[in-house]
Q: 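Shown below is the structure under consideration.
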Amino acid sequence: MRSAEKAAFAREVGVEALMDQAGAGIARAVTKFFPGLRTCIVFAGKGHNAGDALVAAQCLRRGGWRIEIRLAFQENDCSELMRKKLDALRGTAAATTPEWTDQVHHDPGVTILELPAYLADSLTTSEDAIAAKTYPGSASSIVVLDGLLGVGAKPPLREPVRAACRQINQLRQKRSAYVFAVDLPTGLDGDSGKADRDCVIADFTVTVGFAKPGLVADGALDFVGRLEVVPLPDLAAEDQSKELIATPYSLAPLLPRRRFSAYKNQFADLVPTKINLAALASLPGQKDLSAPRS
């Protein structure tokens, strides 16, 4: 991923331009599965991964969604570009302040919270009651964006990110929130697929540019969920692998369009083979399957 970014920067492709493209693609992926208006809770770190999530949140806000940002770090500790995207979402980037007041107009549909360092490992009864009051409606009305860490981070997790990951998983478990991981679930190694014990459990992983090897590792299945790729023409992998991930888009050229009246037996090729019936009968469960009904 880093080599692809360096190649893009060498072609004078700006970091912010890539972030805007990635964020817009992530928002499209979210609305693809949840076209109705909902509440989006963004867990944001302090780097570019958080910036991607904030751009996506801004796109969702333009579509009428309610947005809540939960910062894992103090705002002053975040990168300059991440703070710029936060200001744009907040509505202060282009806001005009009247001369007679120092108050800046904020978007009432956007709430920004800083997670305290002493964040509890589990939601208390009172916090759970507040959550139920704050997010009324069906359980599926909450969508969570995991924008804590990107591909550059490796397990093990450290505070306060670990506590934020636990809160994401609790929202998924207790409030039935749907979790979208930005690029990869926080706590997952993008190369090996090894996961921290508090790795975010995502229902959807929206990865940018191309799928990272760790996302398709066997051990990552329960953390990645459904995998969606946001293609970015300016962010293509330099070392094109011969491996191909089976998706509708990658398999479509192999499957020609068929007539609506076609039958499956018109396309299947049967290869005659010798079958050892005695060997099949010796397999576990075969006797039960072939036993006569009483």
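Below, each value reflects all heavy atoms present in this structure, side chains not excepted, and no hydrogens, waters or symmetry copies. For reference, positions follow the sequence shown, starting with 1.
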Q: For Glu16, give me all partners under side chain to side chain donor-acceptor pair (under 3.5 Å), at least two apart in sequence or on another chain.
A: Lys84, Lys85
Q: Does Gln167 reach the main-chain N or O of Leu171 with its side chain, forming a donor-acceptor pair under 3.5 Å?
A: no
Q: To the nearest 0.5 Å, tell me how far Arg66 CZ sits from Cys40 SG.
A: 11.5 Å
Q: So which heavy atom on Pro160 is nearest to which on Phe73, and how close?
A: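 Smallest interatomic distance, heavy atoms only, reads CD-CE2, 3.7 Å.
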Q: Closest approach of Gly214 and Ala220, non-hydrogen atoms and distance?
A: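 Looking at all heavy atoms of both residues, the closest pair is O-CB, 3.2 Å.
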Q: With rounding to the nearest 0.5 angstrom, report the NZ to CG distance, Lys46 to Leu81.
A: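 Rounded to the nearest 0.5 Å, the NZ-CG separation comes out at 15.5 Å.
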Q: Measure the OG1-CD1 distance between Thr39 and Ile67 for me, rounded to the nearest 0.5 Å.
A: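 Those atoms lie 8.0 Å apart.
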Q: Quick one: list whatever passes side chain to side chain donor-acceptor pair (under 3.5 Å) with Lys154, sequence neighbours left out.
A: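 Listed in chain order: Asp189, Asp191.
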Q: Go through the structure and list residues passing side-chain contact (heavy atoms from CB on, under 4.5 Å) with Arg226, not counting sequence neighbours.
A: Phe33, Phe204, Glu228
Q: Hydrophobic clusters here meaning ILVMFWY residues chained together by side-chain heavy-atom distances under 4.5 Å, can you tell me if Leu37 and Val110 are in one?
A: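 The answer is yes; both residues are in one hydrophobic cluster.
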Q: Of all residues at least two apart in sequence or in a different chain, which pass the side-chain contact (heavy atoms from CB on, under 4.5 Å) check with Ala181?
A: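 Applying side-chain contact (heavy atoms from CB on, under 4.5 Å) to Ala181 gives Asp146, Pro185, Ala202, Thr205.
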Q: If a pair satisfies salt bridge (Lys or Arg N to Asp or Glu O under 4.0 Å) and one of its residues is in residues 199-208, list it, with sequence neighbours excluded.
A: Arg172-Asp203
Q: Given side chains that start at C-beta, do those of Trp65 and Val30 come closer than 4.5 Å, heavy atoms only?
A: yes
Q: How far apart are the C-alpha atoms of Leu184 and Val151, what are their side-chain angles, what is the distance that settles it, and do they pass the side-chain contact (heavy atoms from CB on, under 4.5 Å) test?
A: CA-CA 7 Å; Leu184 82 170; Val151 293; 4.0 Å; yes
Q: Under the rule for side-chain contact (heavy atoms from CB on, under 4.5 Å), what residues qualify as partners of Arg62, not counting sequence neighbours?
A: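 With sequence neighbours excluded, Arg62 shows a side-chain contact (heavy atoms from CB on, under 4.5 Å) to Gln58, Cys59, given in chain and number order.
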Q: Quick one: are Leu86 and Leu71 in side-chain contact, heavy atoms under 4.5 Å?
A: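 Yes, their side chains come closer than 4.5 Å.
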Q: For residues Asp20 and Leu18, determine if any side-chain heavy atom of one lies less than 4.5 Å from a side-chain heavy atom of the other.
A: no
Q: Measure the CD1-CD1 distance between Ile69 and Ile112 for me, rounded to the nearest 0.5 Å.
A: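 Answer rounded to 0.5 Å: 6.5 Å.
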Q: If the condition is side chain to side chain donor-acceptor pair (under 3.5 Å), which residues does Asp52 pass it with, not counting sequence neighbours?
A: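 For Asp52 there are no side chain to side chain donor-acceptor pair (under 3.5 Å) partners, ignoring immediate neighbours.
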Q: Report the hydrophobic cluster partners of Phe223, with the cluster defined as I, L, V, M, F, W, Y residues connected by side-chain heavy atoms closer than 4.5 angstrom, directly or transitively.
A: Ile201
Q: Ignoring hydrogens, what is the shortest heavy-atom contact between Leu188 and Cys199? Give both atom names and the distance.
A: N-SG, 3.7 Å
Q: Please find the pair of heavy atoms, one from Leu145 and one from Ile26, that lie closest to each other, and give the distance.
A: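 It is CD2-CG2, 4.3 Å.
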Q: Could you go through Ile41 and Val143, starting from their C-alpha distance and side-chain angles, then the distance that decides it, and tell me whether this counts as side-chain contact (heavy atoms from CB on, under 4.5 Å)?
A: CA-CA 6 Å; Ile41 304 177; Val143 169; over 6 Å; no
Q: Work out which heavy atom in Cys78 is nearest to a heavy atom in Gly45; give both atom names and the distance.
A: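 Scanning both residues completely, I find the closest heavy atoms to be SG-O, 4.0 Å.
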Q: Looking at Leu148 and Ala72, what are the two nearest heavy atoms and their distance?
A: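 Closest approach of Leu148 to Ala72, heavy atoms only: CD2-CB, 3.8 Å.
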Q: Quick test of your reading: applying salt bridge (Lys or Arg N to Asp or Glu O under 4.0 Å), list the pairs with at least one residue in residues 71-82, sequence neighbours left out, ordered by first then second residue.
A: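 Qualifying pairs, neighbours excluded: Glu75-Arg90.
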Q: Applying side chain to side chain donor-acceptor pair (under 3.5 Å), can you list everything that pairs with Asn169, at least two apart in sequence or on another chain?
A: none
Q: To the nearest 0.5 Å, what is the distance between SG (Cys165) and CG (Leu149)?
A: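 It comes to 7.0 Å.
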Q: For a 4.5 angstrom cut-off between non-hydrogen side-chain atoms, does Leu227 reach Leu215?
A: yes
Q: Under a 3.5 Å distance rule, please check whether Asp196 uses its side chain to pair with a backbone N or O of Leu157 as donor and acceptor.
A: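 The answer is yes, because a donor-acceptor pair under 3.5 Å joins these two groups.
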Q: Backbone N or O of Met82 within a donor-acceptor pair of the Ser79 side chain at under 3.5 Å?
A: yes
Q: Got a second to check how far Glu68's CD is from Thr111's OG1, nearest 0.5 Å?
A: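 Those atoms lie 6.0 Å apart.
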Q: Running the 4.5 Å side-chain criterion over Ile, Leu, Val, Met, Phe, Trp and Tyr, what cluster does Phe260 land in, apart from itself?
A: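 Via sub-4.5 Å side-chain contacts, Phe260 links to none.
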Q: Does any N or O in the side chain of Lys212 come within less than 3.5 Å of the main-chain N or O of Val208, such that one atom is a donor and the other an acceptor?
A: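 Here the side-chain-to-backbone pair exists.
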Q: Going by the rule side-chain contact (heavy atoms from CB on, under 4.5 Å), which residues pair with Arg158 if we only count those two or more places apart in sequence or in a different chain?
A: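 Testing Arg158 for side-chain contact (heavy atoms from CB on, under 4.5 Å), a comparison that skips the adjacent residues, returns none.
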Q: side-chain contact (heavy atoms from CB on, under 4.5 Å), that's the test. Do Arg38 and Ile142 meet it? Break it down for me.
A: CA-CA 6 Å; Arg38 284 174 170 80; Ile142 305 174; over 6 Å; no
